[in-house]
Amino acid sequence: MCGQWLDQVVVNSKLNCMYIEDGKIHRLLPMGSIPANCTNVWDAQGLLMLPTFTDSHVHLDKGFPQDQWISRRKVGSILEQFALEKALLAPFSKTLREQACQTLNELLSYGTTHLRVHVDIDPDIGLSHVETILSLKEEFKHCMTMELVAFPQQGLVRSSSASYVSKALDLGVSIVGGVDPAGVDRDIEASLKQIFDIAVSHDAEIDIHLHDPGHLGLFTIERILDYTEQTDTQGKVTISHAYCLGELQIEEVSKLGRRLVQLDVQLITSVPMDSAMPPVSLLKELGVKIRLGTDHTGLDAWTPFGDADLLNRGRRLAEMNKWHDDESLRSTYTFFTSAPLTFHEGDEANFILLKALSPEHALSVVPSRELVCVKGIPVAGKQLSTAWSSLPARSGRE
Ligand SMILES: [Zn+2]
């Protein structure tokens, strides 16, 4: 046999031993079941096993180098913010790849192995960011999967970026992005028509950033749902942020929530503390699909408080929703994990090992990641250097 045994690993609430072969959990047995004279055994010393994480909303082309402090001035509107971001990022355009690589390694070190990445597109930068991130997707494919969103940050209509979005889809991007059809594009109908036309013609998904507040945001969501229905794109549409849902009456959110479920439209939240947040408990109760994204992974032009750790973000989600009981804490993982908290023989050996007594305990204390494994191969974590068979060093990995 050429696989790997793990001894003393906490899986499914029990101290077990586990045999990994061909990237899968081949055997999952009570502790003490490892055959005598086996040499390929790694002692996990009671570490807890969790599934790896999925970050459903992240940007890799907006972060500043973490060893530098970039001063920002106050801005009066989202359009001023767009201009400020462009100015602040310009000096770092040549190091985009390096910066994105660093962010990917940081995400991996926290156990995130699947990402939905929004990549900036506009007539100034063309497809340069898309090309860089596509090459990194290839470079990191041994340890991460990524789906890319062609994101017209300056406004699809406002910056005349539709042709660039179409070209990005031809290059391998799978999702059409957008931002504030009212507040940025100033023309809800033109903006949504372009987004849905491009998506339908390429059989692509849609993911729209929506920061517009109150009833302007509500009306925009209603129109997104109308377009979803008319174009038969149920199950392919996502609305990111939707801050407006945190500002509306419960009856309004409930009515909209039922339609989101009916048309299978998903919401993504980054659990913001600086703006209104959709009422996640209510929406979840209604059956709305909601996923978690970090959005800001470190210092960027939008905030100095970004954080790449999804476990920490999940903790914030639970805390802000007053989910204090065991069942609620465990269900918090459904917003950001790639698989259930229980493991079975035959499952892909994608997991995180950390020092915690249970998933509930891990969400409470947010311990560092001791080991992150993808298809049974250690790829990150504090104990990577002493784990069974690390991948050889290569560019793109630390
Ligand atoms: Zn975003």
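Hydrogens, waters and symmetry mates are skipped; everything else that's a heavy atom, side chains included, is used. Remember, it's a predicted structure, so these values are computed and weren't measured experimentally.
Within a 6.0 Å sphere centred on CZ of Arg27, heavy atoms belonging to other residues, nucleotides or ligands number 12 at most.
Between Glu229 and Arg259 a salt bridge is recorded (basic side-chain N to carboxylate O distance below 4.0 Å). With respect to Arg97 and Glu131, no salt bridge is recorded, no charged nitrogen being found less than 4.0 Å from a carboxylate O. Note on Lys86 versus Asp122: salt bridge recorded, some NZ/NE/NH1/NH2 to OD/OE distance being below 4.0 Å. Taking the charged nitrogens against the carboxylate oxygens, Glu205 and Arg116 do have a contact shorter than 4.0 Å, which makes a salt bridge. Between Glu327 and Arg330 no salt bridge is recorded (no basic side-chain N to carboxylate O distance below 4.0 Å). Electrostatic pairing of Asp226 and Arg223 counts as a salt bridge here, judged by a charged N lying under 4.0 Å from a carboxylate O.
Just one residue in the list Arg316, Arg369, Arg315 forms a salt bridge (charged side-chain N to carboxylate O under 4.0 Å, His left out) with Asp309, and that residue is Arg369. A side chain to side chain contact (heavy atoms under 4.5 Å, CB included) with Val253 is found for exactly one of Leu283, Leu218, Leu286, namely Leu283. Here the rule is side chain to side chain donor-acceptor pair (under 3.5 Å) with Lys62, and of Gln99, His118, Gln153 only Gln153 fits it.
Side-chain atoms of Gln68 and Phe92, non-hydrogen and from C-beta on, do get closer than 4.5 Å to each other. Leu50 is not listed as a side-chain neighbour of Leu353, based on a closest heavy-atom distance of 4.5 Å or more. With a 4.5 Å cut-off on side-chain heavy atoms, Val117 and Asp55 do not count as touching. Contact check for Ile195 versus Tyr227: no side-chain heavy atoms found under the 4.5 Å cut-off. At a threshold of 4.5 Å between non-hydrogen side-chain atoms, the residues Gln383 and Leu47 count as touching. At a threshold of 4.5 Å between non-hydrogen side-chain atoms, the residues Val176 and His202 do not count as touching. Under the 4.5 Å side-chain criterion, counting only non-hydrogen atoms from C-beta, Cys101 is in contact with Leu136. Contact check for Leu282 versus Val288: no side-chain heavy atoms found under the 4.5 Å cut-off.
Defined by atom type and a distance below 3.5 Å, a donor-acceptor pair is present between the side-chain atoms of Ser331 and Lys284. The closest side-chain donor-acceptor pair between Trp323 and Ser281 falls under 3.5 angstrom. Side-chain atoms of Glu85 and Trp302 form a donor-acceptor pair, as typed in the model, at a separation below 3.5 Å.
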Run Val165 and Ser163 through side chain to side chain contact (heavy atoms under 4.5 Å, CB included) and show every step you take.
CA-CA 5 Å; Val165 172; Ser163 63; over 6 Å; no
Should Asp61 and His129 be marked as a side chain to side chain donor-acceptor pair (under 3.5 Å) after you check the CA-CA gap, both sets of side-chain angles, and the distance that decides it?
CA-CA 7 Å; Asp61 53 357; His129 289 204; 2.9 Å; yes
May I have the step-by-step check of side chain to side chain contact (heavy atoms under 4.5 Å, CB included) for Ile133 and Leu148, ending in yes or no?
CA-CA 8 Å; Ile133 305 300; Leu148 270 47; 4.0 Å; yes
Show your reasoning for whether side chain to side chain contact (heavy atoms under 4.5 Å, CB included) applies to Lys375 and Ile377.
CA-CA 6 Å; Lys375 293 181 183 168; Ile377 298 171; 5.5 Å; no
Assess the residue pair Val184 and Phe82 against the criterion (side chain to side chain contact (heavy atoms under 4.5 Å, CB included)); give the C-alpha distance rounded to whole Å, side-chain angles, the decisive distance to 0.1 Å, and a yes or no.
CA-CA 10 Å; Val184 173; Phe82 290 177; 3.7 Å; yes
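Taking the six-membered ring for Trp and the full ring otherwise, Phe151 and His209 have centroids separated by under 6.0 Å.
To the nearest 0.5 angstrom, Met49 atom CE is 11.0 Å from Leu341 atom CG.
Ring-plane geometry between Phe53 and Phe336 is classed as perpendicular, the angle between the planes exceeding 60 degrees on a 0 to 90 degree scale with a lower cut at 30. Between His57 and His241, the ring planes lie tilted relative to each other; the angle falls in the 30° to 60° range. Using cut-offs of 30° and 60° for the angle between ring planes, the Tyr19 and Trp5 rings count as tilted.
Looking at every heavy atom in both residues, Asp43 comes nearest to Gln45 through OD1-N, 2.9 Å. Scanning both residues, Ile268 and Leu292, for their nearest heavy atoms gives CG2-C, 4.4 Å.
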